[in-house]
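Comments concern the structure below.
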Number of protein chains: 4
Amino acid sequence: MLLDIDLQSETPIYTQLVHGIVEGIARKQLQPGEGLPSVRSLAADLGINLHTVNKAYQLLKQEGYVQINRKQGVVITMDAYPAADDAYRSRLREQLRPLIADAICRGVTKEQFAEMSQAVFEEMLPKEEK
Amino acid sequence: MLLDIDLQSETPIYTQLVHGIVEGIARKQLQPGEGLPSVRSLAADLGINLHTVNKAYQLLKQEGYVQINRKQGVVITMDAYPAADDAYRSRLREQLRPLIADAICRGVTKEQFAEMSQAVFEEMLPKEEK
Amino acid sequence: MLLDIDLQSETPIYTQLVHGIVEGIARKQLQPGEGLPSVRSLAADLGINLHTVNKAYQLLKQEGYVQINRKQGVVITMDAYPAADDAYRSRLREQLRPLIADAICRGVTKEQFAEMSQAVFEEMLPKEEK
Amino acid sequence: MLLDIDLQSETPIYTQLVHGIVEGIARKQLQPGEGLPSVRSLAADLGINLHTVNKAYQLLKQEGYVQINRKQGVVITMDAYPAADDAYRSRLREQLRPLIADAICRGVTKEQFAEMSQAVFEEMLPKEEK
DNA sequence: GTGGTCTAGACCACG
DNA sequence: GTGGTCTAGACCACA
């Protein structure tokens, strides 16, 4: 698994972990049913504390991305994936607002913004194009 | 000025202030050259700490949104607006990545995502339709 | 015997086993004197660890639900059933307290709570209606 | 605030804290809008670690019982209380099942069980009867 | 002052 | 072996 953590970043390490793993799932590099490394081993790999990894795993569990059981450790959820319900859509809108307000002030047009989003989107789905 | 602050929110109050003011500028409710309320009066209006307002103003200045003069107080920058340079574009991309990764996992298509962005964009530019 | 084990559940597997077997006795699906499957076969059936099944059986024995003989294996107690003594009543009350406190906070009335309990009770005693 | 914690108990300390606080809310000893002690002071009072208190507070927040903001610390939610929705009802039913199965095996009748529940209920609402 | 984050190290329950 | 719990102590962001 490729996770690069920036210890100097403003964003908390556990948030970086969550983002990285979600992105791994989006890229299909992490398949449903697949197990994630144990808190201890991932912590050792990244040179961080196991509690930090644990917190990331707990958040992922809470959002429905993984399940944690005593046998296999942490496993990517197979079914009942997080849904794009109204709560999600309104949250996303709130997250987009400041980004878009900033973009407008900088003279970025609707089209340019859409273009950039598309680029990120497609970079995230390389296998879909094969 | 309409600024609604949510004390329960995860986002720091000063960040909410920055977002609110930038959005005001994007919506053209705040015009270049226009003055913002003094630190003291805005803090009193919102019932928050002086330091918090001050921190927001300093950040806005640092990003080039406002200028702070001893005489006129805080004034929205007339020229030399923040530019959409490469640094900005790569920062925006980094901010979009986790949002888009999450969206992909929830089965949101590129088109749906674009649609939602557009909606936010247009809601932010009501005067463009005149 | 119908025992469905949820590996994702918070409750330990051995606890789920105990609950399932006690419920089987309550429903009279398991009769006094009846033998339970051997540790080995039940573990194999459910795809779980031998130790887990063993721990559940030991707990059931400790609470007086079963007797364990070398010859007949694990057998449901015929007489000397666990009694509803004071120790039990106070333990039950302690278990009910957090449930009821939560219910009160959610606006559940005494009557609604009683109704729900009754429903579970009756669902557990289908043969009583014959 | 009266919270008695049993360090020897099987139930985790943070769970005992959650139960105690929810019960305090149910008993109206803790009023909506009221602030809870800071993690540090409560931890000091109880002679436990601040992280343990923090975990309890986080859980209460997650369940909607309290809100955490930077100004006043932890405050009991005033509106939008946890609701008695279907998810709650089915969860409660699952929690009641093992208790009731056990009760049935011990010869406790439906009426006796209801009586005990009522007793706990009424003990929790002393002021309602005044 | 508050809570948020991170570290380090320990013990236990579970399987 | 796994995660769950608890402790102790540190630094920082926020207000």
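Proteins come first, then strands; the chains are lettered A, B, ... in the order of their sequence lines, and each starts at number 1.
Salt-bridge formation is not detected for the pair Glu94(B)/Arg91(B): no Lys NZ or Arg NE/NH1/NH2 atom is positioned less than 4.0 Å from an Asp or Glu carboxylate oxygen. The existence of a salt bridge linking Lys61(D) and Glu10(B) is confirmed by a sub-4.0 Å separation between a basic side-chain nitrogen and an acidic carboxylate oxygen.
Residues Leu30(D) and Ile21(D) come closest through the heavy atom pair CD1-O, 3.7 Å. The two residues Val22(B) and Leu60(B) come nearest to each other via the heavy atoms CG2-CD2, 3.8 Å.
Between the P atom of dT5(E) and the CD1 atom of Ile68(D) lies a distance of 11 Å, rounded to the nearest Å. Rounded to a whole Å, the CG atom of Leu46(D) is 15 Å from the C1' atom of dT7(F). When the P atom of dG4(E) is taken as reference, atom CG of Leu59(A) falls 13 Å away, rounded to whole Å. When rounded to the nearest whole Å, the span between CG of Leu42(A) and P of dT2(F) equals 12 Å. In this entry the distance linking OH of Tyr57(A) with P of dT2(F) reads 11 Å, nearest Å. Going from atom CG of Leu7(B) over to atom C1' of dC14(F) covers 12 Å, rounded to whole Å. Atom-to-atom, CD of Gln8(A) to C1' of dC6(E) comes out at 13 Å; the value is rounded to the nearest Å. Rounded to an integer number of Å, the gap from CD of Gln16(A) to P of dT5(E) is 13 Å.
Sparse packing is recorded around CG of Asp4(B), with 12 or fewer heavy atoms of other residues, nucleotides or ligands lying under 6.0 Å away. Environment of CZ in Arg106(C): crowded, with over 12 heavy atoms of neighbouring residues, nucleotides or ligands closer than 6.0 Å.
The phosphate of dG4(F) (OP1 or OP2) has a side-chain N or O of Asn54(A) nearer than 4.0 angstrom. Contact check, Gln72(D) against dG3(E): no side-chain N or O comes under 4.0 Å of OP1 or OP2.
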- Item | Nucleotide-level pairing of DNA chain F, given in dot-bracket where Watson-Crick and G-U pairs need both distances under 3.5 Å and | marks other strands | ||||||||||||||.
- Note on the structure: Per-nucleotide protein contact along nucleotides 8-15 of chain E, 5' to 3', at a 4.0 Å heavy-atom cut-off (B base, S sugar-phosphate only, - neither), is BB----SS
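Annotation: side chain of Asp85(B) is not in contact with side chain of Arg89(B) (no heavy-atom distance under 4.5 Å). Arg97(A) has its side chain within reach of Glu23(B): a pair of non-hydrogen atoms, C-beta onward, lies under 4.5 Å apart.
Between the side chain of Glu34(D) and the main chain of Gln31(D), a donor-acceptor pair closer than 3.5 Å is present.
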